[in-house]
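We use all heavy atoms of the structure for the numbers below, so side chains are in, but hydrogens, waters and symmetry mates are not.
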Amino acid sequence: MRDAFATLVKDGRPLGRANGLWGAIGLYWLAHMVLEASSTMYSYAELAINPWNPPAGLALFFLLAKGPRLWPAVMAANFASDRIFFGQAPHLGIGLVLALQLGLVYGGAALILTRLLQCDLRLERLRDLLKLTLVGLITPIFAGGLYILTLISSGVLVPTDMWAAVGRYWVGDVIAILVLTTTLLKLRAGLADWPRPGLETGLQTLVIGAVLWIVFGVDSTDEFKFFYLLFPPLIWIAVRQGLRGAAAGLVLTQVGMMAILTVKKFDAPTVTALQVLMLVLAVAILFLGCVVDERGQAEAKRREDQMMLAHMARLSLAGEMASGLAHELNQPLSAIVNYLRAGQNLFSAQPPRLDEASGVLEKARAQAMRASKIIENLREFLRKRELKTEPVRLDLAVAESLNLIAAEARRKRVRVESDVPAGLPRVWADRVQLEQVLINLIANALDAIAEGTPTKREVTITARPEPAGFITLTVADRGPGIAPEMRETLFAPFASSKDEGMGLGLSICRTIIEAHGGKLWVEDNAPQGAAFSFTLPRAEEPHAD
Amino acid sequence: MPTDAPTVFVVDDDAAIRDSLQILLSLAGFSVECFEGARPFLESGSAQRLGCLVADIRMPGMDGLELQQELRKRGSGLPVIFITGHGDVAMAVRALKSGAADFIEKPFEDRVLTAAIGQALDRDERQRQTRLEAEHLAQRHATLTPREREVMDLVVEGQSNKLVAQRLGISARTVEIHRARVMEKMRADTLSDLVRMALRLAEA
């Protein structure tokens, strides 16, 4: 059942295409029958005219997900369910015409949404939700109009009832599309981002149940006056969980409401009127959820931009440092060249001016010492730069680094698998610099995978305690690996295999790790790829500075 | 204190570079004076002296390019050779465009520097010579009377004494006398000498 659900909901085709398609169609029919059976209580004149018509929402989703060309499957489902649930109503020919109309109208709606309106079915943008809503409001006018005109022309319905019937048909289909199609499309877009069942979702469900009972279950409260009580809990859900939460909350509200109304035996016109209110509620809550999603996406985009900026700043800082360093070193080197040339001239003078030559050589020596001091200072600077060490949990540092680089990994379609147990002893480290090392190593691994033709688009991060009071962390990839001739210079500054690289990343990483008293090295990740590892001292051990 | 021998003025904020250049250039036979920045050099009044400036392009305070502009503003014709670090080429190109004699990337071969200094000094010498000649010419031209100047202007246009006489309303004989005086005062041996002098005066 779970597999079959995945076939319907996801667009994956692991097994034969035809099998998957028939599986999806079969599942669609099954779901159609279940929904139809559960929603016939307010059918109009024993016909398939309901103020809550979930099969319509299911049909539109099915055609959007699997393609409008499958409209005959929708026709078949409607024909069959009409025969089963409204058996004594229209005869076979009219039934076929009605089902054909439905299949064509909904197939056309799916076609218009995907082809003409170019609606992105992931519903991540407000404009895509707007397209779905517009089509959802208009399609049932045609479906219901044709359905009821056919029934009237065949003498099943009396013409005076026409507007009431069309209204009931319309509101039932629109709500089904808004609530059910949206929920199913969000499920199809990916199960990963759905809110996990937890305290908050449990509480939200309870509150919705309580409010439903107060509004519809308690006799002393007027359903129409108290209807607005449904807004606050749904606003809560939409604000916290976005469009996914909003859609699921609306499904829950709708189903709960219909259940109570059925049990309490409300009459059909009242139910239809309540459904109109529900329609307003659904539109408001869905759009609120979508706006919240969009804001979240903008926030994520902003964070990514910030990361990019920080990265650029680091790069340009390294560039400035390199250029300043070059200038600094050039001064003593130029002086040395001048002194040595002067020494040569003094030696080759006739007679040789040895005393002066010796003085000049001494000056050259002093300049060489000056150059060496500059380099020493730089190393000192890199080693000592504000090392704020504290006990750090490696699993949290890895999680934070992954958080920062997640967008890049997604863009490069690489899965980053972290297996760093939470129970690992803490390490003694500067959190920010440790994360800088982690991000550098992970980013390198992502680049390696993006460049080559990897056997697996995956980066794994593992950690293990060492006997000597250290923890080793390894970032491994299945990229092309490190060429033997690169291995020598890999950690040297200004060595890079990348076109836009400064070649400072690994050099700085090694300096940082060594400043922590650890080591950083690379191994082959047999059979293919590279594995960078570093050690850090455990915080629980006495830390030698 | 100013001497007639051309001097190489070294302006660099780095003591070791100054010292090593002083030794190296002295050994090559130049008379050298060092300054630790643009300001001390300008304040020393050396800008009006004969010689050549060797300056670092990157210096704290007033840098090499600003020093060069300041010299031009003060009317100094001192040729400037810039010493640049690696990667300052864009700056050096700007220096050349605004009239620097040369630029040398450091560290450098001493021969390259001495050759550049030698060329700059030669060029400077030639320019000074030309400037001097022009000054003398102008001085001689200033000694002519207004009538003599009119006669000279017409004669170098290629007009005959007769025509000049007609134009100025004087006798041909008088023109001849003025003309002889002009040739004498301008120290011109032939008419073509005089024409050349007139052209150079017009240029100035």
Worksheet item: Could you walk me through whether A:L434 and A:F534 pass the side chain to side chain contact (heavy atoms under 4.5 Å, CB included) check?
Response: CA-CA 11 Å; A:L434 169 59; A:F534 61 81; 3.8 Å; yes
Worksheet item: So which of B:I23, B:D110, B:L21 has the largest heavy-atom pair count under 4.5 angstrom toward chain A?
Response: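 It is B:D110.
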Worksheet item: Mind checking which of residues 338-353 of chain A sit less than 4.5 Å from chain B, heavy atom to heavy atom?
Response: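 The list, in residue order, reads A:N338, A:Y339, A:R341, A:A342, A:N345, A:L346, A:R353.
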Worksheet item: Mind checking what makes salt bridge (Lys or Arg N to Asp or Glu O under 4.0 Å) contact with B:D122, not counting sequence neighbours?
Response: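 Scan of B:D122 (salt bridge (Lys or Arg N to Asp or Glu O under 4.0 Å), adjacent residues dropped) gives none.
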Discussion item. So B:L194 and B:M152, do their side chains get closer than 4.5 Å, heavy atoms only?
Written reply: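 They are in contact (side-chain heavy atoms under 4.5 Å apart), so the answer is yes.
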Worksheet item: Any side-chain heavy-atom pair from B:L201 and B:L137 closer than 4.5 angstrom?
Response: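 Of all side-chain heavy-atom pairs linking B:L137 with B:L201, at least one is under 4.5 Å.
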Discussion item. Going by the rule ring pair (Phe, Tyr, Trp, His ring centres under 6.0 Å), which residues pair with B:F9 if we only count those two or more places apart in sequence or in a different chain?
Written reply: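 B:F9: ring pair (Phe, Tyr, Trp, His ring centres under 6.0 Å) contacts with B:F41.
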Fill in: With B:E43 via side chain to side chain donor-acceptor pair (under 3.5 Å) - residues at least two apart
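Listed in chain order: nothing, the list is empty.
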Discussion item. Given heavy-atom pairs under 4.5 angstrom as the criterion, report whether the side chain, backbone, both or neither of B:L27 touches chain A.
Written reply: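 Side chain only.
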Worksheet item: Contact part of A:Q367 toward chain B, heavy-atom cut-off under 4.5 Å: side chain, backbone, both or neither?
Response: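 Side chain only.
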Worksheet item: About how many Å separate CG of B:L113 and CG of B:L25, when rounded to the nearest 0.5 Å?
Response: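 B:L25 CG to B:L113 CG: 5.5 Å, rounded to 0.5 Å.
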